Amino acid sequence: MTTESPLRFELQANDPACAARAGRLNSPHGETLTPVFMPVGTHGALKALTPRQVEETGATIVLANTYHLAIRPGEGLVEKSGGLHGFMRWPKTILTDSGGFQVFSLPGTKIDDHGVQFRYEKDGEPVELTPERSMQIQMALGADIIMAFDECVPFPCDEPRAERAMYRTLDWVDRCQVAHDRKDQALFGIVQGSTYERLRKKCAQEMIRRDFPGYAVGGVSVGEGLDLLKKVVGWTAPFLPEDKPRYLMGVGLPEDILESIERGIDMFDCVIPTRYARSATLFTFRGRIRLTNRRYRRDLFPVEPNCECYTCREFTRAYLHHLFQSDEILGHILASIHNVAFYQMMMRQAREAILEGRYMEYKEAFLKEQAKGR
RNA sequence: GUCGGCGUAGCUCAGUUGGUUAGAGCACCAGAUUGUGGUUCUGGGGGUCGGGGGUUCAAGUCCCCUCGCCGACC
């Protein structure tokens with residue numbers, strides 16, 4: 001049985017030397033070239049950026065969050081506003097996360113087979129999320145891609161607990177499929193299994209059997225580090241269907257992303273470019289720089305000379321240093337523009353390299369250059 | 001001129017009846033941040049305790065002189 005999906009994924013190229021792939025992902029809101037990085041706009045906004053500025057970075061898909069939007073402003077209002085696309089005025093593709101990660105990231109949650117109770121809320125009412133409720137919210141929000149409600153365990157996690165969470169995730173994904181009845185949204189399944197090869201493979205098999213238009217690898221970016229991340233991806237990605245997009249959730253740093261592309265991942269999201277931007281940490285081909293450092297006080301060069309973003313075209317490091325020292329909002333804006341643009345540039349280059357069959361060379365050169373900055 | 005109050009980190013201040021190596025907040029410097037609460041966390045550099053003298057085993061603390069600022073009164 002094949003689920004009909006509003007998503008079309010076309011594989012364009014496989015790198016001859018590794019599992020890296022280039023493809024095209026079409027949603028009702030346009031085309032996205034893969035591998036792709038999706039900037040995160042949890043509350044229906046990429047912090048510090050207008051949708052126009054986000055588009056100018058080259059991003060064609062962004063992420064928002066079920067849990068946060070259900071609490072405020074409530075999915076009903078969003079639905080009345082024309083869904084997330086109308087509410088936040090982002091015309092391109094949107095993916096919503098299910099709220100599953102908040103089980104891991106928010107303190108004071110109570111979880112059982114039925115669902116999760118969040119007791120942490122400081123403002124707004126305490127919330128309960130179940131697979132059904134998560135689907136209900138995500139259908140109202142109206143994103144093009146929505147995620148199954150899963151249980152994400154912390155790291156480290158012993159195998160029995162990881163296994164219980166994995167089977168609960170499988171049970172919940174069945175309930176998500178039953179509850180999801182909108183044909184203009186694609187529901188992705190999420191592979192869990194912590195850092196255990198046996199569980200990852202089992203979970204991948206079970207997800208594939210349920211036939212989704214795309215598959216995510218979840219339960220990473222919880223503090224496991226690059227070595228384990230590579231292993232987990234290596235145990236999972238090769239078993240996922242070739243003709244469906246593969247999404248590594250919550251990752252990550254440039255090196256995390258490049259290593260995972262090599263292992264066959266197509267989609268990424270992470271708060272790092274935007275969060276780091278707000279604390280003055282900017283990405284360059286020579287590694288990260290921290291603009292608040294005194295050494296940039298009189299630095300009249302752009303953040304990254306080879307970057308064509310608005311920030312790098314127009315402003316010096318010294319000016320950005322000054323903006324951060326003065327707590328000017330513009331510092332956050334310009335830094336966010338650059339970091340998001342930098343990630344998009346990195347993904348374009350990776351894609352080009354795959355299409356030309358030289359991905360490994362590209363990755364090695366990129367990482368070598370990054371190391372020079374240290 | 002007289003009387004009173006105050007001088008401790010860049011800033012605002014705490015410092016017990018005299019008792020180890022004088023503290024805090026902010027600022028500054030440097031790290032951390034992975035399906036986001038613009039946060040938060042973790043380190044670090046900084047002091048002739050206005051200056052000088054005295055009492056004492058021991059003084060930021062008590063005494064004397066002196067300098068500066070503030071207030072009140074002549």
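The chains referred to below are lettered A, B, ... by the order of the sequence lines, with proteins before strands, and numbering in each begins at 1. Model, not experiment: these values are computed from the prediction.
Counting non-hydrogen atoms under 4.0 angstrom, A:Glu224 reaches nothing in the nucleic acid. Residue-level contact check: A:Gly41 touches neither bases nor backbone, having no heavy atom under 4.0 Å from any strand. Here A:Ile329 lies out of heavy-atom contact (under 4.0 Å) with every strand. Residue contacts shown for A:Asp256 include a base, since a base heavy atom lies under 4.0 Å away. Using a 4.0 Å heavy-atom distance criterion, A:Arg294 is classed as a sugar-phosphate-only contact. Among the heavy atoms of the strands, none lies under 4.0 Å from A:Tyr247. Across all strands, A:Ser279 comes closer than 4.0 Å to base atoms (heavy-atom distances).
For B:rU36, the base has a donor-acceptor partner in the side chain of A:Thr274 [N/O atoms by modelled type, under 3.5 angstrom]. Counting distance only, with no hydrogens placed and no angle test, the side-chain atoms of A:Asn65 and the base atoms of B:rG35 include no donor-acceptor pair under 3.5 Å.
With both ends at atom P, the span from B:rA9 to B:rA24 equals 14 Å, rounded to whole Å. A gap of 26 Å separates the C1' atoms of B:rG46 and B:rG52, to the nearest Å. B:rU21 and B:rC49 have their P atoms separated by 14 Å, with the value rounded to a whole Å. Here the separation of B:rU55 from B:rG71, taken at their P atoms, is 38 Å to the nearest Å. Rounded to a whole angstrom, the distance from the P atom of B:rG50 to that of B:rU56 is 23 Å.
Rounded to whole angstrom, the span from the NZ atom of A:Lys230 across to the P atom of B:rU34 amounts to 20 Å. Note: OH (A:Tyr343) to C1' (B:rU34) measures 8 Å, nearest angstrom. A straight line from CG of A:Asn293 to C1' of B:rA32 spans 13 Å, rounded to a whole angstrom. Atom CZ of A:Arg295 and atom C1' of B:rG31 are 14 Å apart (whole Å). Whole-Å rounding puts the A:Lys47 NZ to B:rU39 P distance at 10 Å. Taking atom CZ of A:Phe324 as the reference point, atom P of B:rA30 lies 14 Å away to the nearest angstrom.
OP1 and OP2 of B:rA27 both lie 4.0 Å or more from every side-chain N or O belonging to A:Gln325. Distances shown here put a side-chain N or O of A:Thr42 below 4.0 Å from the OP1 or OP2 atom of B:rU36. At B:rU39, none of the side-chain N or O atoms of A:Arg275 fall inside 4.0 Å of OP1 or OP2 (strictly under the cut-off). The phosphate of B:rG37 (OP1 or OP2) has a side-chain N or O of A:His68 nearer than 4.0 angstrom.
B:rC26 and B:rG10 make up a base pair, with Watson-Crick or G-U wobble contacts both under 3.5 Å. Base pairing analysis places B:rU20 opposite nothing; no Watson-Crick or G-U wobble pair with both distances below 3.5 Å involves it.
Under the 3.5 Å distance criterion, with hydrogens and angles disregarded, a donor-acceptor pair is assigned to the side chains of A:Gln138 and A:Ser134.
Salt bridge A:Glu206/A:Arg209: present, at least one basic N to carboxylate O contact under 4.0 Å.
Checking each of A:Thr93, A:Thr60, A:Thr32 against A:Ser27 for a side-chain hydrogen bond (donor to acceptor under 3.5 Å, both in side chains) leaves exactly one that passes, namely A:Thr93.
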